[in-house]
Number of protein chains: 2
Amino acid sequence: MDRSLKRIRPSPPSAHDVARLAGVSQAAVSRAFTPGASIAKATREKVMEAATELGYRPNLLARSLIKGVSDLIGVVIGNTQNPFFLPVLEELSTRLTRAGKHSLVFTAEHGHDADFQIEDVLRYRVDALVLMSASLSFELAEKCSREGIPLIFFNRRPRWDLPMASVTGANEKGAGEIGRHLLEQGYRRIAYMGGPTDSPTNNEREEGFRRALEQQGAEPAMRELGYLTREGGMAAARALLNRPDRPDAIFCANDFMAIAAMEVARHEFGLEIGREIGIAGFDDMPDASWPSFDLTTYSQPIGPMIDRVMELVLDLDARERFEQVIVEGALQKRGSTRRG
Amino acid sequence: MDRSLKRIRPSPPSAHDVARLAGVSQAAVSRAFTPGASIAKATREKVMEAATELGYRPNLLARSLIKGVSDLIGVVIGNTQNPFFLPVLEELSTRLTRAGKHSLVFTAEHGHDADFQIEDVLRYRVDALVLMSASLSFELAEKCSREGIPLIFFNRRPRWDLPMASVTGANEKGAGEIGRHLLEQGYRRIAYMGGPTDSPTNNEREEGFRRALEQQGAEPAMRELGYLTREGGMAAARALLNRPDRPDAIFCANDFMAIAAMEVARHEFGLEIGREIGIAGFDDMPDASWPSFDLTTYSQPIGPMIDRVMELVLDLDARERFEQVIVEGALQKRGSTRRG
DNA sequence: GTGAAAGCGCTAACAT
DNA sequence: ATGTTAGCGCTTTCAC
């Protein structure tokens, strides 16, 4: 084989090439590939035949240039450590593909805002931007808003009161149910392991949790921050379990930390989960139901949540209502909060 | 606020708009945004000022149209269940961003080939296609090859002997080390839990494992297929553990199945991991080192592997060597194979 | 139903 | 160093 042949990447056939081969105009080729365009059956067939022969594929970059939209959806994933986001990404990707869209995915470093990458991805004229637990600066958010680039927050609400759409789980409600459930189970010294205090998601969960405890006349919970990471969760668990007034239950702001806390309690402190220390999380990520963890949690139903994201991505009207959609999940009572 | 204003998505400013405001030619604007272009400092400043004022951002679709390349890299993820791929995706995304590229991600349904989505993504003139444990048909692979679209297989080798690049872990070597390690630990009735038999990755691991056992004069292992999924792994574990000649150790083709098997052994069969049943995996995914699993495994070092992927993505020459890169990991001896 | 022609926003010669 | 010009591959009028 001649290596030099491989060095030259052949430029792919264009609509013009196809037109010439089919003996029609270039416009006809375009029509043949445009569903619903007015073109005779015979012409379309001629075109398609030529296209197949040449291996022609319409260039979407050119099409996007004209249309002003790219069918590209920017997707930012913060907190990539958290396995919760893999099924979410899969669902989103599947649904986008089905809708003829594509996801331009990038990850943001935890704790940093995603401004840099977003500026970058905006150059592709993405139709919308889905932010999964990622932060961006107020300035950039405002810029997107001004430029009419729809921002959709997933599992996170914007920190500012700019008009922006979001799809979140039922943070307050779910956290409240967890709180009541823990009290029902007989736990009394209950701790909250939080995420960053500037995260709206965290604050809603904490708020819902505290309120539930108060309403039942229980003492306010002690608190430790685990920052939604594994290491943070482990450190926070150690801090809590080392206290003289050790809590008898911990509600963690997400499952990922809850599992970390459970492992610390079990393997470092030798505690029996459930009986000696109740642990609950939030998300119902796949691992939560594994027998190793059997974690009580409040579910964030990925399917329905992504349904709503897709509506916001696809339906301009819905988007412009700047809805703050809350998708309810359900309390998943499991062994990690069973005292008996 | 006037709702009608929001309905109209303003078309973003073009280089022309900037040129007019700055009092220069449109080409000057292009040069101002092209690193290394010959342009006077003063001109560039004028341009930049105007650009900032208008909120101008070069349209990459237009640029790509001219250049013939998009800086877009297609990334297909098969087996999205497996948490191993989240860190991989993160690393890849980070590295691509750093290189000024972007990932067009989509997921392929397990067991199906990704032809449909790939055909689709090819329309964006992606510079390369990275396949992570996904399958595609021979026809499509050949087509890509013919069209000069570089295909890079990650964690998987092509099933055919078309000249294509791949980056994989040291499957045979690693599996061999696992096999010898199990024998050293005193296990004798050793089973292999495999992935699909048409997966080269699976076959390499099985081959390396079998060979190691044979070389030590051990009996050939029994085998059960777990298809690399959680459900499959659990079913296979049940089948193995229910046998009258129950194995005393199981090597699973990936960590994800190994963890599933461990849970079945522990929670359904009441076996003590390590002492009563040795379990080993492959990948060293994050969960493997969690105290709950403490899984013996052979690592696939994500960083170095992605390094090699990036070389193939960025360096035409390397790509054309169609290298089959094998990145060595290391045996991670942990509690799941400790008999004592 | 079809072709000719204009132009999406940019880069890359080519002049000057 | 800068402006002018010609496209990149397509969609979309506009005639016919």
Side-chain angles (χ1 to χ4, degrees), chain A residues 9-48 50-51 54-72 100 120 122-127 147, chain B residues 9-48 50-51 54-72 100 120 122-127 147:
Chain A
R9 177 152 169 196
S11 64
S14 71
H16 231 104
D17 302 329
V18 177
R20 220 178 7 233
L21 181 59
V24 297
S25 76
Q26 182 267 329
V29 177
S30 170
R31 291 189 184 104
F33 281 90
T34 307
S38 82
I39 184 174
K41 208 167 177 176
T43 317
R44 153 170 280 130
E45 273 164 17
K46 265 194 301 187
V47 170
M48 287 310 190
L54 295 177
Y56 169 73
R57 226 190 308 272
N59 184 335
L60 286 192
L61 298 173
R63 153 202 280 257
S64 304
L65 186 56
I66 297 163
K67 298 225 162 177
V69 294
S70 59
D71 284 347
L72 255 26
D120 207 35
L122 251 32
R123 291 185 231 276
Y124 282 101
R125 298 286 123 103
V126 292
D127 299 352
E147 296 183 21
Chain B
R9 175 151 171 198
S11 65
S14 72
H16 231 103
D17 302 329
V18 176
R20 221 181 5 236
L21 180 61
V24 298
S25 76
Q26 182 269 331
V29 177
S30 171
R31 287 193 265 260
F33 281 89
T34 308
S38 80
I39 183 174
K41 207 168 180 176
T43 317
R44 153 171 279 132
E45 274 163 16
K46 265 194 300 186
V47 170
M48 287 311 190
L54 295 177
Y56 169 74
R57 228 190 305 275
N59 183 335
L60 286 192
L61 298 172
R63 156 201 278 256
S64 302
L65 187 56
I66 298 163
K67 298 225 161 176
V69 294
S70 60
D71 284 346
L72 256 24
D120 207 34
L122 250 32
R123 291 185 232 276
Y124 281 102
R125 298 286 123 102
V126 293
D127 298 353
E147 296 183 22

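In what follows, every chain begins at residue 1, and chains take the letters A, B, ... in the order their sequences are listed. Worth saying up front: this structure is predicted, and the values here are computed from it rather than measured.
- Comparing C:dC10, D:dT11, C:dT2 by their closest approach to the side chain of A:S38 singles out C:dT2.
- Between A:H16 atom NE2 and D:dG7 atom P there is a gap of 12 Å when expressed in whole angstrom units.
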Would you please test B:L122 and B:V126 for side-chain contact (heavy atoms from CB on, under 4.5 Å) and show each step? CA-CA 6 Å; B:L122 250 32; B:V126 293; 4.0 Å; yes
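- Distance check: B:T43 OG1 to B:M48 CE gives 11.5 Å after rounding to the nearest 0.5 Å.
- Contact annotation: B:K41 does not reach the phosphate of D:dA1 (side-chain N/O to OP1 or OP2, under 4.0 Å).
- Between A:K46 atom NZ and C:dT2 atom P there is a gap of 8 Å when expressed in whole angstrom units.
- A close approach under 4.0 Å does not occur between any side-chain nitrogen or oxygen of B:S30 and OP1 or OP2 of C:dC10.
- With rounding to whole Å, B:L60 atom CG is found 15 Å from D:dC8 atom C1'.
- Across all strands, A:A40 comes closer than 4.0 Å only to sugar-phosphate atoms, never to a base (heavy-atom distances).
- Candidate nucleotides D:dC10, D:dT11, C:dC8 were compared by shortest atom distance to the side chain of A:K67, and D:dT11 ranks first.
- A:S14 has no side-chain polar atom (N or O) that falls below the 4.0 Å cut-off from OP1 or OP2 of D:dC8.
- For the pair A:A62 and B:L65, the tightest heavy-atom approach, listed with the atom from each and the gap, is CB-CD1, 3.7 Å.
- Contact annotation for B:F33: no contact, since no heavy-atom pair falls under 4.0 Å across all strands.
- Within 4.0 Å of A:V24, counting heavy atoms only, lie sugar-phosphate atoms of the nucleic acid but no base atom.
- Contact annotation: B:Y124 side-chain N/O to D:dC10 OP1/OP2 distance is not under 4.0 Å.
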Give the C-alpha distance, both sets of side-chain angles, the deciding distance and a yes or no for side-chain contact (heavy atoms from CB on, under 4.5 Å) between B:R63 and A:R123. CA-CA 10 Å; B:R63 156 201 278 256; A:R123 291 185 231 276; over 6 Å; no
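- Atom pair A:I39:CD1 and D:dT11:P shows a separation of 12 Å (rounding to whole Å applied).
- With rounding to the nearest 0.5 angstrom, the CG atom of B:L61 is 7.5 Å from the CG atom of A:L72.
- Residue B:T43 places at least one side-chain N or O under 4.0 Å from the OP1 or OP2 atom of D:dT2.
- Rounded to whole Å, the distance from CD1 on A:I66 to P on C:dG7 is 13 Å.
- A:L65 places its CG atom 12 Å from the C1' atom of C:dT11, with the value rounded to the nearest Å.
- Rounded to a whole Å, the CZ atom of A:R44 is 10 Å from the P atom of C:dT2.
- Separating the CZ atom of B:R125 from the P atom of D:dG9 is a distance of 8 Å, rounded to the nearest angstrom.
- One N or O donor and one acceptor, one from the side chain of B:R31 and one from the base of D:dG3, sit under 3.5 Å apart.
- Two residues, B:Q26 and B:A62, neighbour DNA chain D, and the one matched to the more 5' nucleotide by heavy-atom proximity is B:Q26.
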